2 protein chains.
Amino acid sequence: MSSTEKNHPTSRQTAGLSVSKKAYHHGDLRAALIEATRQLVEEKGPDSFSVSEACRRAGVSTAAPYKHFKDKTEMLVATVLEGMDRHRDKMLAALEGVPEGSPERITAIGMEYIAFALNEPGIFRLKFGGFTDRIADPRLEDGGQQSFGILLTEVAKCLGEPGITDEVRRRGFLLWSFVHGLSFILHDKGLAEKGEEFDLHTLLEDVSERMLS
Amino acid sequence: MSSTEKNHPTSRQTAGLSVSKKAYHHGDLRAALIEATRQLVEEKGPDSFSVSEACRRAGVSTAAPYKHFKDKTEMLVATVLEGMDRHRDKMLAALEGVPEGSPERITAIGMEYIAFALNEPGIFRLKFGGFTDRIADPRLEDGGQQSFGILLTEVAKCLGEPGITDEVRRRGFLLWSFVHGLSFILHDKGLAEKGEEFDLHTLLEDVSERMLS
DNA sequence: AACATATGTTAGAGACGCTAACTTGATGAG
DNA sequence: CTCATCAAGTTAGCGTCTCTAACATATGTT
């Protein structure tokens, strides 16, 4: 996993926030709290997460986070954003070496989408499970659009379209819906119940073909 | 509309018509609390829901619910179950008058699924957004299986298969994934953003045809 | 009428979110 | 080097929340 050491300035902030802060007492409490939050969200589930417990894990007082985050919600949002970054990077990495314009690129994105839901169910749920519904943060919106944009680009190439046409957008939307729903179902029921009944890769290939033909 | 619930001796009856239990102090506090919970979950969102506020709305003390529910989680689960009953009934009602074996029955189910996500986003999120992930309640499992079963029955008839064969299960699973994902996306982004870009009924017809052919 | 039980109440413990006020330590100016 | 400044931590405490314990009362059975 991401070995966030105290000396490494690994806290890559997304646009909009102040520049990287230097190490004072703790080192990089902001990053440490995000990591603690991520762990707890995975271990106990997003509903059972508490700021206090994250503080205990980070070894600071319960008031410390409020020097870095406005409130609990912003702390979770920051953790979600960090997860979205990783998710996007992994999807892009999954495209490496796969021939341009091949439908296999679509399934590669889908497989990575599903993998994220299964490997990081807590973050997946925070990102897509409705937690962000009532939060108006442009960074959340941008992250989602970026992921969708990656898919649309591949769909356009697969269909031989010159760019993001209406037809591309429509097909992409259908594919996105399917993969999104499939991820949720697998996330809910677990790989054991449904992942063994159907081979995921075959399933994705099947759907990609149906949607792109 | 009958609640098909088998009760253990302590908890008598869910809300509904066949109230074999007479009115004591309140009348039917259990049903009142479920209704208050449902309202609050829709108004404030599941995350902001508190038992205390439901008590205020029902006009009882904050300790009263614990005579009817083990804890906050069970109170929310009861509310979700009530919503699942309504959801299932509405899906069945949507099939009335639609010719047997026609793919229109598939789209009718899908439209009702989506309608639930849009009309009752709070309950939808509680049911599918991961809240029930760590809760092992057979009634939750049964409810989901029932809805899936309705779809599978229609898929079998559409494909002309004798029963729930492996192929039916596979096609149904694909359709379910798509509708599930579509509901989530519309739930997230709202009908304004995506529902205007694409006509939902046409979208569903399109996908049904692709999946069933 | 008397009793047992279901259903409500008040009081309070313990956890949590968050704020106010104080303390500490790194940094840069002179 | 000294010191003022300010970021980043601390403790103390308020209000709210979940849930329990102990008590009070309605119901309906006998």
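Model, not experiment: these values are computed from the prediction. Just so it is clear, the values below take in all heavy atoms, side chains as well, and ignore hydrogens, waters and symmetry mates.
Counting heavy atoms from C-beta outward, B/Tyr66 and B/Val51 have side chains that approach closer than 4.5 Å.
Per the geometry, CG belonging to B/Asp47 stands 13 Å off P belonging to D/dT18, to the nearest Å. Between the C1' atom of C/dA15 and the CZ atom of A/Phe49 lies a distance of 14 Å, rounded to the nearest Å. At whole-Å resolution of the value, CG in A/Asp28 and P in D/dA8 are 10 Å apart. The OH-P distance, from A/Tyr66 to C/dC16, rounds to 11 Å in whole Å. One interatomic measurement links the two molecules: CE of A/Met75 to P of C/dG17, which rounds to 9 Å at whole-angstrom precision. Spacing between atom CG of B/Leu29 and atom C1' of D/dA26 amounts to 15 Å, rounded to whole angstrom units. Atom CG in B/Asp71 sits roughly 5 Å away from atom P in D/dC19 (whole-Å rounding). At whole-Å resolution of the value, CZ in B/Arg30 and C1' in C/dG8 are 17 Å apart.
Of the side-chain N and O atoms in A/Arg56, one or more sit less than 4.0 angstrom from OP1 or OP2 of C/dC16. At the phosphate of D/dA7, neither OP1 nor OP2 sits under 4.0 Å from any side-chain N or O atom of A/His68. In terms of phosphate contacts, B/Ser52 brings a side-chain nitrogen or oxygen within less than 4.0 Å of OP1 or OP2 of D/dT18.
Ranking C/dA20, C/dC16, D/dT18 by closeness to the B/Ser50 side chain, first place goes to D/dT18. With distances taken from any side-chain atom of B/Ala64 to the nucleotides D/dC17, C/dT9, D/dT10, the minimum falls on C/dT9.
Residue B/Lys67 is in base contact, counting any heavy-atom pair closer than 4.0 Å across all strands shown. Using a 4.0 Å heavy-atom distance criterion, B/Ser61 is classed as a base contact.
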request  = Could you go through the side-chain hydrogen bond (donor to acceptor under 3.5 Å, both in side chains) check for B/Glu141 and B/Gln145 one step at a time?
outcome  = CA-CA 6 Å; B/Glu141 199 67 33; B/Gln145 285 303 107; over 6 Å; no
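Side-chain atoms of A/His180 and A/Tyr113 include a donor-acceptor pair closer than 3.5 Å.
Taking for each of A/Lys70 and A/Glu53 the nucleotide of DNA chain C with the nearest heavy atom, the 5'-most of the two is the partner of A/Glu53.
Between A/Arg30 and A/Asp28 there is no salt bridge, since none of the side-chain N atoms of the basic residue sits less than 4.0 Å from a carboxylate O of the acidic one.
The line from CZ of A/Phe178 to OG of B/Ser177 is 5.0 Å long, rounded to the nearest 0.5 Å.
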